[in-house]
Amino acid sequence: MSEYESNSSVDAAYDEYVMPIWKSLNVPVKRAHGCTLEDFDGNEYLDAFSGISVTNVGHGNDAVVDAAKAQLEEFVHGCSYVHPNEPVATLAETIADVTPGDLQKTFFCNSGTEAVEGAIKLARKYTGSKEIVALEMGFHGRTLGSLALTGNNAYKRGMAPTLNDVSHARAPYSYRCPDCRGDGCDSSCADELEHVIGTHTSGDIAAVVVEPVMGEAGIVVPPAGWLERVQEIAHDHGALLIADEVQTGYGRTGELFASSHFDIEPDILTQAKGIANGLPLGAFTASRKIADAFESGDHLSTFGGNPVACAAALATIEQLQDGLVEDARDHGQWLESELNSLEEKYDAVGQTRGLGLMWGVELVDPDETGPRGVAPVPDSDLASTVSDHLLEESAIVVGVGGYYKNVLRLQPPLTISREQLERVVAALDRALEAV
Ligand SMILES: Cc1ncc(COP(=O)(O)O)c(C=O)c1O
């Protein structure tokens, strides 16, 4: 029985004992099932954000819970790098099977940021080079290495110095691109990467790190040909392409991995979030040739590849392959046309964009021109007001993010029903009308 009997008692304990890391906390959760969250006052909410895009096969998924429970009883920990065990072996083999290209060997850790850190070490070890290029507005985590790659100083203030020798190239954010201004983008801005390597680096590049769809930047989907050109430039410079699929992986975009939407083969692919439906697990996977650059002692994690988390991951992948990825794709097509209608209906909806069940609704003040004279000015206040309205009037949880904090993020569990999605769209329509 919980000691906390109300939302306010949990909030009070947070105020007193939990470090203040976030400006506005969302609803406290006592329990969750499917796409429903229940708070400590007994209220229910439709979750359209999945705990920041994690519970892809639904909260409290029976198969995942059963697999984790069975493994809990069998064997919880021995350090998977000291004691080889079946969940790690089976999961590594499964990942080799389901990831794109010839990605073959996996290192397991506990989070997305750790996966990114490990991938950088591997790229350095394999190439013998040191420097990294990432994207402006990209997000790769909060530890000092991954924070260096994160292209947004909102996350870095007061935290420098981070890793040296990281440069940033322009993000494929065509809606706010000063060159193509959203019209007739031909992805030529990918060539900017060549310019950045030429001007900001010594040329000793270990990796170019990209999110195939940029999550925290505001669900930025690169235009056709962009990622392919970035891969080409990276390889021309002897650098590896690291696809950070921490947020896009495991079915989120209507493919098991978002890299499959493009004609690329990542050299290293990072994973976390949806991999184990909420149990802490991160991973990075590389081809045999690249992975074997790591020698004994180069990398390790005490909890990495925890058998319980790996058992949960296996159950998660099984269900994703059993129709949920296709469902995400179908829902995404429906959502695209619904959100396009809202974009046409409301001037304050600047752009809607996404793939599968990863959608952003960018809100703007239509009467003022935005940064660099491109597109209307981002309206972060409107985004928080709409999100509050959705929560208070319709009991729907969405995310608010984007580089300008003006993008509503719809990233529900992939198990969401069409009827529940209709509820989200109708509530969004009402909220936009009301505010
Ligand atoms: C693309 C990407 N990489 C890395 C991370 C960091 O993951 P974690 O919060 O699990 O450390 C995130 C988290 O949002 C992410 O979206």
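Atom set for the values below is all heavy atoms of this structure, side chains included, hydrogens, waters and symmetry mates excluded. Numbering of ligands and ligand atoms starts at 1, following listing order. Since we're looking at a predicted model, the values are computed, not measured.
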Point to revise | Salt-bridge present (E38, R31; N to O < 4.0 Å) | key: yes
Practice item. Verify whether one side chain among E131 and S167 offers a donor that lies under 3.5 Å from an acceptor in the other. Key: no
Practice item. Measure up the Y81 and F107 rings against each other and bin them: parallel (under 30°), tilted (30 to 60°), perpendicular (over 60°). Key: parallel
Check your understanding: Are any non-hydrogen protein atoms located under 4.0 Å from atom 9 (O) of ligand 1?
Key -> no
**Study point:** Pairing residues for F303 by the ring pair (Phe, Tyr, Trp, His ring centres under 6.0 Å) criterion, not counting sequence neighbours
**Key:** H77
Review point. Heavy-atom distance under 4.5 Å between the side chains of E216 and N152, does that happen here?
Key: no
Revision key, fill the gap. protein heavy-atom neighbour closest to atom 3 (N) of ligand 1 works out as D244 OD2, 2.7 Å
Check your understanding: Are any of the N or O atoms of G141 closer than 3.5 Å to those of ligand 1?
Key -> no
Exercise for review: Answer with side chain, backbone, both or neither: which part of E211 has a heavy atom less than 4.0 angstrom from an atom of ligand 1?
Suggested key: side chain
Check your understanding: What residue pairs, at least two apart or across chains, pass side chain to side chain donor-acceptor pair (under 3.5 Å) with a residue in residues 222-240?
Key -> D191-R229, E194-H237, R229-E232, H235-D267
Review point. To which of V213, L281, T113 does the heavy atom nearest atom 11 (O) of ligand 1 belong?
Key: T113
Point to revise | Part of K273 with heavy atoms under 4.0 Å of ligand 1, whether side chain, backbone, both or neither | key: side chain
Check your understanding: Will you find, in the side chains of S384 and S387, an N or O donor that is under 3.5 Å from an N or O acceptor?
Key -> no
Exercise for review: If you have a sec, work out which protein heavy atom is nearest atom 16 (O) of ligand 1 and how many Å separate them, to one decimal?
Suggested key: Q247 NE2, 2.8 Å
Practice item. Check ligand 1 against E216 and write out every atom of the ligand that is under 4.0 Å from a heavy-atom position of the residue. Key: 14 (O)
Point to revise | Protein contact of atom 5 (C) of ligand 1 - nearest heavy atom, named by residue and atom, plus distance | key: V246 CG1, 3.7 Å
Exercise for review: Could you tell me whether R142 approaches ligand 1 through its side chain, its backbone, both or neither, with non-hydrogen atoms closer than 4.0 Å?
Suggested key: neither
